[in-house]
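The block underneath contains the structure these notes are about, expressed in structure tokens.
Predicted model, so just to flag it, every value in this text is computed and none were measured. Letters A, B, ... mirror the listed sequences (proteins, then strands); counts begin at 1.
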Amino acid sequence: MKVFKKLTVTALTAVIAVTASFAGIAAAADSLKGKITVNGSTALLPLTLQAAKEFQKLHPKVKIAASGKGSVTGPQAVKKGIADIGACDWDASIDVPGFKAFDGQVANKVAVIPFATIVNKNVGVDNLTTEQLQGIYSGKITNWKEVGGSDASIVVVTRAFGSGTRVNYQAKALAGGDIVKKEKNYKETGSSGDMKTAVATTPNAIGYIDLVYVSGSEIKAVKFNGVAATTDNVINGSYKIWAYGYYMTKGQPTGATKEFIDYVQSKKFQNGSLKKLKFIPIAAMKG
Amino acid sequence: MGAPVQNLASRAQKSSLAEGGISAKRHNRHLFSNTMFRYYFLFSILALCLVLGLVIVFIGKTALLLFDNISPLDFFFSFNWSPEEEAFGAAAFIVNTLSLTALTLLIAVPVSVGMAVLCAEIAPKWLKSFIRPVLDLLVGIPSIVYGYLGLTVLLPFLRRVSGEGLGDGLLAAALVLALMVLPTICRISDDAIVAVPRKYRDAAYALGSTRLQVIMRVVLPAASRGIISAVILGMTRAVGETMAVVMVIGNTPQLAKTLFTPSSVLTSNIVMQISNVEFDSTWNYALHMMAFLLLLISFVLILIIRILGRNRRDAA
């Protein structure tokens, strides 16, 4: 497994190196050199790839290899020295449910990721409170009529244990509440795409997902404690289900890695490409 | 292989006797290329063995680390799989894998052997030449396509028929898998039945058998070895299939007590969790042990069916 991963990283590096060297011919001379390997969360991967593309135009001699697998592989790869940056959906320098802190790593905030509670289009409920969600996910509430809907069994769809989305949803939406497996009407999915398909095709289903995935008429996002899941509500502080996305580094970043993280955190990138990818700039949260 | 090689060599010798010096070169050249080919074939089979050996060694090495942390008893006989509480009992997955495979074969084998008989014995020529290419096409469809159809077509149907809220479970997975292995089993059985010599049938008809009797008493027993290897191939595909199963089984680590209990098998649990585990964790070792177990299960199943096949042949 480890050997395979190293091979994959090497292969990716090679591909990107070739691309970079072609791009380099046109760009201006630049003193910044180096190789940056980014590993980890798939949720942050589009952002990393876009940033890498733009950064390499500015600094043609820097080679960036990015790959995505699962949140926890990010800080792990950094710990093993396989990657310089580990993209992670939670702050891996502190303990979270299920995962111990990675000692000596620094968490660099790069984006705000909003999450939404979603239901199948046939569900009549359009608002759920923290207590109601806790009840649904712990298995105490099993029928939609208990939360103001029609008389139908609730089909709970969740992400597998270890998913970054699940860690954040449990912490923010369920206020640390448990997700308990059941013998009926309970299903786990392996990715955000599967989650969307499962909720879209299963009547009476409830699930949760990155807000960027909420589209189409088959699913709808429900309000959380009366507040609609929109980026505006995240920014003004009324919608609480969101989390920072982090770049984990071994100690404070240096050299090309530092430059790259600075670029991702820069106003130009945060308000430009990052917004286009439907993430929220970190600066927006301070207001 | 042996006969043609000898043939070539002796021919080269004869011509060298007739034509003298020039043909001696040719003889040497043939000798050389024959030797080279022998090494090439030997190399091919050794390369395959090496890869298989590496797979077993590497998976096994990581897998066995598991038993430093938990006892084999817990792993094989506990039904409690909760990585968040450091409980790694894989019994539920093992039982689910076996029951899913059994259920799949139960659905697929009778249908596919029936189709094979139809193709080989009964159908008119135009129908044969229509069914066979269609089946070949079905073999080539990627499993994710079957899984997606299962998710979007089969599950809603099962929900309507059964009244379940979800529909995910062993039955849905077995139906998808049965559809997947059906063409494989059917095509190979078909070939086996066609290969039964015509004189067997003629003899049976001459003794006054009906067509059903010929098929059931003569053709199928005579083709049984081929049909068994078809079933083996279908079964290994069913045991190892991952993507299609993940989409319809519900992926919940628990024993499938009913056909509609959302559950998980060895393959689906590995693929669901492998990207979320830490490298040096008991959890990772447990997943590797499950992969190793899959290797063993396929091996044992194949062995059992081979032995069964031999016994039946001896009895016949």
* **Chi angles and distances behind the side chain to side chain contact (heavy atoms under 4.5 Å, CB included) call for A/T197, B/L151** => CA-CA 8 Å; A/T197 316; B/L151 186 65; 3.4 Å; yes

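- In this structure, A/K80 pairs ionically with B/D280, as a charged nitrogen and a carboxylate oxygen lie closer than 4.0 Å.
- More than 12 heavy atoms of other residues, nucleotides or ligands sit less than 6.0 Å from atom CZ of B/F76.
- Put simply, the side chain of B/L155 does not reach to within 4.5 Å of the side chain of A/T201, judged on heavy atoms.
- Checking each of B/T252, B/N251, B/D168 against A/K187 for a side-chain hydrogen bond (donor to acceptor under 3.5 Å, both in side chains) leaves exactly one that passes, namely B/D168.
- A distance of 9.0 Å separates NZ in A/K100 from OG in B/S281, rounded to the nearest 0.5 Å.
- Atom CD1 of B/I45 is surrounded by 12 or fewer heavy atoms from other residues, nucleotides or ligands within 6.0 Å.
- The CG atom of B/L166 sits 13.5 Å away from atom CD1 of A/I154, with the distance rounded to the nearest 0.5 Å.
- Between the side chain of B/Q254 and the main chain of A/K182, a donor-acceptor pair closer than 3.5 Å is present.
- The shortest distance between side-chain heavy atoms of A/K184 and B/P262 does not fall below 4.5 Å.
- For chain B, no part of A/N204 is nearby; none of its heavy atoms comes within less than 4.5 Å.
- Around atom NZ of A/K196, more than 12 heavy atoms belonging to other residues, nucleotides or ligands sit under 6.0 Å away.
- Put simply, CD on A/E183 and CZ on B/F260 are 15.0 Å apart, with the number rounded to the nearest 0.5 Å.
- By the neighbour-count criterion of 12 heavy atoms within 6.0 Å, atom CZ of B/F67 is densely surrounded, having more than that number from other residues, nucleotides or ligands.
- Counting heavy atoms of neighbouring residues, nucleotides and ligands inside a 6.0 Å radius, atom CZ of B/F79 exceeds 12 of them.
- In this structure, the portion of B/V277 lying under 4.5 Å from any heavy atom of chain A is its backbone and not its side chain.
- Taking OG from A/S163 and CD from B/Q273, the interatomic distance works out to 11.5 Å, rounded to the nearest 0.5 Å.
- To the nearest 0.5 Å, atoms OG (B/S264) and NZ (A/K181) are separated by 10.0 Å.
- Looking at A/T189, the atoms closer than 4.5 Å to chain B (heavy atoms on both sides) all sit in the backbone: N, CA, C or O.
- Counting only heavy atoms from C-beta outward, the side chains of B/W283 and A/F161 approach each other to under 4.5 Å.
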